[in-house]
Colleague: 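Please find one structure pasted underneath; my questions will follow.
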Amino acid sequence: MRDKVLVGYGQGFWGDSILGPVRLVREGPIDYLALDYLAEVTMSIMQKLRGRNPKAGYATDFVAMLDRILPEIAKKGIKVIANAGGVNCGACLDAVLDLARRQGIRGLKVGIVEGDDVMARIPELLAAGEPLANMDDGRPLAAVQDRILSANVYIGAFAVAECLRQGAQIVIGGRLTDPALVGGPLIHEFGWRPTDWDKLAAGTMAGHIAECGAQCTGGNFSDWRQVKDFVRIGYPVIEASPDGTFVVTKHEGTGGLVTRETVISQLLYEMGDPRRYLGPDCTADFTSARIEQEGPDRVRLSDIRGAPATDTYKVSISYHDGFKASGQLVIAGPDAVAKARLCADIVFGRLALDGCTFTADEQCVELLGTGVCHAGIAPPADPPEVVLRLGVKCQDEGKVDRFGMEIVPLVTSGPPGVTGFAGGRPKATDIVGYWPALLKKDKVKTSVRVEVT
Amino acid sequence: MAAPKSRRVKLREFAFARSGDKGDGSNVGLFVRTGADYELIRKQVTAAAVKRHFRAICFGEVTRYEAPNMLALNFLLHGLALLELEVVRPIPAKAAAPAQKRARAGGPKQAKARTAARRRAAAKRR
């Protein structure tokens, strides 16, 4: 057994910089490269893509990234854990195998973890007495059942560890939890068991700290002036030990900052009750951790306590909830605010003239630059220019598209100083509703498949 | 003995914060560097104070949790209209009126007057 395992976290979401993983592989030592590509809305987009093309529905960025660095990953023996499979792990597996073969890489083992996608099983689960009620407000799933776009269970770290045990150098999953991308390698390397609650909690905390990439190494940090060289910001590296202690650090010579404060900042991200951080493998107590600065850009966490996991998995369900569109204009001063208000009134007035009305809560009118982000807190400003952002939402796609046609005419038929219209007419897009629910663990079976080039 | 001198300071002068989505709202984590500062924020930054601060955008409960190991307080803000930068989340009927108001610069009184004026104008156009 190794006495230390280095896990780099190179991607905090689909859309994060490709430089994250590339530089983690090139600029210092790592044993594992963890990559998160999924968010709640992502799954519904992927289901839609797969509906049009049976070979789509995964994070294509992942394959594009591997295209750049797979030879180095293979040569250095770095293992890759990514939830890039989205709703089509099999297609993602094929794309990676194809890529490796094209690059002449022989003997590369690529595995997938499946079982998270329960969309097709919803009628069966409801019939079996699983209510899948909304965790936030208790509504029964029947309220949206005919509009479901995706449904995925958050799978934990043991499924990742099993895929590694079967020899995969690249592990592709669907809705694996973000922390499982770190916890899986640690379970595999250190032989942690399902009842090692404290160690599993440490793996969860390490994964939680790293799961947004550079957000624990100086990104989005309150004291941002202290952060050196944002351009070359280092992505996090977790240096883990078998006893459950770990150090958060980054490659030497990279930009950014790892201090007790940057780490605590990220620990508090999306936090609920810090004593009960619920995950599929354990319940972690974030208040138990000892957090110490042990050197420059090195923060050690120890003494972490965990408790048994619950008997349910969290399920992330998305559903179609109407249509939206938004567009914006730059309104130059003098009298920018007054003119922007007039523009908003003109748009909704002209729409009404054409029989297209929106209720107050279907409209969004924002004068960006006047203190929109500090409503009720900062005194309203009267700036030399403002960005007028107009949006609507409703169930009627036609009305939303009609709205989009009434913004650009303001350039010539409204007050003076209206400019900055770019990006074409706003078109109606789906509003994706989010429906968190719980599902008994015995209703979910994960499976692993490993193939070799 | 004279009472110790005190002055009002902004949290950002000595505290750190991080926020993220959480269920039907968002969380705000707030932490400081010293035990003395922690006592200060524990006393003064109550759930009620946070609710008051965000009254224009938070329409639900505010829950506070403590994490002494991080010298941190974590606030859960339920029913947050997320500054309306996205037109995604259904805004409850109760929230719709203030949501309209804060789309404008100026106080609620002016906003109310504007809304009334707009209704009149719309009626005229029809």
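Lettering follows sequence order; numbering is per chain, from 1. The analysis underlying the following values was restricted to heavy atoms, covering all of them including side chains, and did not include hydrogens, waters or symmetry mates.
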Colleague: Is any residue of residues 41-50 of chain B within less than 4.5 Å of chain A by heavy atoms, and which ones?
Modeller: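 Result: none.
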Colleague: What part of Arg33(B) gets closer than 4.5 Å to chain A, counting heavy atoms only: side chain, backbone, both or neither?
Modeller: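 Arg33(B) touches chain A through side-chain heavy atoms alone.
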Colleague: Under 4.5 Å heavy-atom distance to chain B, tell me which part of Ile377(A) shows up: side chain, backbone, both or neither.
Modeller: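 It is the side chain, since no backbone atom gets that close.
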Colleague: For atom CZ of Arg64(B), decide whether the heavy atoms of other residues, nucleotides or ligands shown that lie under 6.0 angstrom number more than 12.
Modeller: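 Count over threshold, so yes.
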Colleague: Pick whichever of Met135(A), Gln266(A), Arg260(A) has the most heavy-atom pairs under 4.5 Å with chain B.
Modeller: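 When all of Met135(A), Gln266(A), Arg260(A) are compared, Gln266(A) has the most.
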Colleague: Heavy-atom pairs under 4.5 Å with chain A: which of Phe75(B), Phe54(B), Phe16(B) has the most?
Modeller: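 Greatest number of close heavy-atom pairs with chain A: Phe16(B).
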Colleague: Verify the neighbour count for atom CZ of Arg147(A): are there more than 12 heavy atoms of other residues, nucleotides or ligands below 6.0 Å?
Modeller: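 Check passes, neighbour count above 12.
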Colleague: Measure across Ala375(A) and Ala56(B) and return the closest heavy-atom pair with its distance rounded to 0.1 Å.
Modeller: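 Minimum heavy-atom separation between Ala375(A) and Ala56(B): O-CB, 3.5 Å.
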Colleague: Is the side chain of Asn69(B) donor-acceptor paired with the backbone N or O of Ile291(A) at a distance under 3.5 Å, no angle test?
Modeller: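 Pair absent, no side-chain N/O of Asn69(B) close to backbone of Ile291(A).
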Colleague: Once rounded to the nearest 0.5 Å, what's the spacing between atom CG of Leu268(A) and atom CZ of Arg18(B)?
Modeller: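 Leu268(A) atom CG to Arg18(B) atom CZ measures 8.5 Å (nearest 0.5 Å).
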Colleague: Quick check: are there more than 12 heavy atoms from other residues, nucleotides or ligands sitting under 6.0 Å from CZ of Arg139(A)?
Modeller: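 Buried by this count: over 12 neighbours within 6.0 Å.
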Colleague: May I ask you to name which of Cys212(A), Pro274(A), Ala289(A), Ser265(A) has the most heavy-atom pairs under 4.5 Å with chain B?
Modeller: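 Ranked by contacts with chain B, first place is Ser265(A).
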Colleague: Mind checking the CD-CG spacing from Glu261(A) to Leu71(B)? Nearest 0.5 Å is all I need.
Modeller: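 Taking CD in Glu261(A) and CG in Leu71(B), the distance rounds to 9.5 Å.
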Colleague: Side chains of Asp21(B) and Glu270(A): does their closest heavy-atom pair fall under 4.5 Å?
Modeller: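 In short, these two side chains touch, coming nearer than 4.5 Å.
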Colleague: Could you tell me which of Glu66(B), His78(B), His53(B) has the largest number of non-hydrogen atom pairs under 4.5 Å with chain A?
Modeller: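 Result: the option with the highest number of such pairs is His53(B).
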Colleague: Within the supplied structure, the quantity of interest is the number of heavy atoms (other residues, nucleotides, ligands) at a distance under 6.0 Å from Gln293(A) CD; does it exceed 12?
Modeller: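 More than 12 heavy atoms, drawn from other residues, nucleotides or ligands, come within 6.0 Å of this atom.
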